[in-house]
Amino acid sequence: MLKTKIHTRELSHCIYNASGVYCCSENDLNLLNNYNVNVGAVLSKSCTLQSRVGNPEPRYWDCDELSINSSGLPNLGYDFYNNYSYKYNFSNYNKPFILSIAGLTEQDNLYMIENLNQNYIDGIELNMSCPNIKGKSQTGYDFESTEDLIRKASEILDSKYSKDFIFGVKLPPYFDEIHFNTVSEIINNSSVNAITCINSLGNGLVVDTDSESTVIKPKNGFGGIGGSVIKPIALSNVHTFYKLTQCSIIGCGGISTGKDAFEHILCGASAVQIGTQFYKEKHSCFRRIETELKQIMKEKNYTSLDDFKGKLSYLT
Ligand code: SIN
């Protein structure tokens, strides 16, 4: 009922983890691959060329409606993730393995893309939107750098990898038509075939009134905002990129129930990722959200995602 495709790759169902939450260590990844954990794919923590410990703690905080994080890309380094997939041969688990890449420089990104263990990795999600590295802007807001990186990455992917390889990009939220149009044009002139909308809303600030202080330590309390409050922005980005490109859209942002997942798919998402709610509820969230989504579909007599994917109607 929930089976789907990202680009040409089939997923047994459409819900999986967002990069960053419980997908960093070998143990994390093993758990996501466990047959008891109902995810349609496994996505790694965004990796840099060298391992990183990330920003000082506390670097995550949440309440009912939102989360704020400034993790600073803690990860075990590219070689670990590239070799992990080889070691375990993910293809046996029937859960595509997608490597999230977040190089600190364009050169690092291109090196990582060029040297993927392609027999064991089904695709990449090129993270162009991490807001939490001090002194480094989000690539996705610099359109010249975005165009340059995507063009060079496309050249490598076209020459080295199969046509079925997932070339995904994870974008920051956009808020204006000119930005949607510019980024869509860059993507439409490239080999990108999947878009994850959206990363957290960068550089938010949460204040604790009792202590009159920030709630996280890095960057004077500034961090990426996730959770329910960002769902309307996520939906507008999902829907716009669904309309403006031919890519598979992966919805991310504010999904904590089956109803949220339904809305993302209605707006055009082929699959959805769970971040903040996964952090709060751990692995049981996947089965619960799946059950709730199936219930909504049953009530509406929908038997597959194609019955409603992208079919949002407009008031006239
Ligand atoms: C982080 O590690 O700071 C989060 C990564 C991201 O938001 O892309």
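Atom set for the values below is all heavy atoms of this structure, side chains included, hydrogens, waters and symmetry mates excluded. Counting starts at 1 for both ligands and their atoms, in listed order. Numbering starts at 1 and runs along the sequence shown. Owing to the predicted nature of the structure, the values given are computational and were not obtained by experimental measurement.
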Please work out, at 4.0 Å between heavy atoms, whether the side chain, the backbone, both, or neither of [X] comes within that distance of ligand 1.
X      : value
Leu73  : both
Ile133 : neither
Met128 : neither
Asn55  : neither

Just by modelled atom types, is the [Y] backbone N or O under 3.5 Å from a matching donor or acceptor in the [X] side chain?
X      : Y      : answer
Asn237 : Pro173 : no
Tyr22  : Leu31  : no
Tyr16  : Lys95  : no

Heavy atom of Pro74, distance to ligand 1 below 4.0 Å: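 A heavy atom of Pro74 does come that close to ligand 1.
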
Min heavy-atom dist Ser19 to ligand 1 below 4.0 Å: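 Outside the 4.0 Å threshold, so no.
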
hydrophobic_cluster_shared for Leu126 and Leu110, side chain cutoff 4.5 Å: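 Result: yes, single cluster for both.
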
Just jot down the ligand 1 atoms closer than 4.0 angstrom to any heavy atom of [X], in number order.
X      : result
Asn127 : 6 (C), 8 (O)
Gly72  : 1 (C), 2 (O), 3 (O)
Asn132 : 1 (C), 3 (O), 4 (C)
Lys45  : 1 (C), 2 (O), 4 (C), 5 (C)
Pro131 : 7 (O)

Salt bridge (Lys or Arg N to Asp or Glu O under 4.0 Å) assessment of Arg9 paired with Asp164: CA-CA 7 Å; Arg9 186 70 165 86; Asp164 294 323; over 6 Å; no

Whether over 12 other heavy atoms sit under 6.0 Å from Asp64 CG: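 No.
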
For atom 5 (C) of ligand 1, the protein heavy atom that lies nearest, with its residue and separation: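 The protein heavy atom lying closest is Cys130 SG, 3.7 Å.
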
Atom 7 (O) of ligand 1: nearest protein contact (heavy atom, Å):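 It is Asn199 OD1, 3.2 Å.
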
Cationic N near anionic O, under 4.0 Å, Glu57 to Lys217: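 Not counted as a salt bridge, because no side-chain N and carboxylate O are separated by less than 4.0 Å.
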
His283 ring center near Phe278 ring center (under 6.0 Å):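 Yes, ring centres under 6.0 Å apart.
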
Aromatic centroids of His13 and Phe286 separated by under 6.0 Å: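 Distance test on ring centres: not under 6.0 Å, no.
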
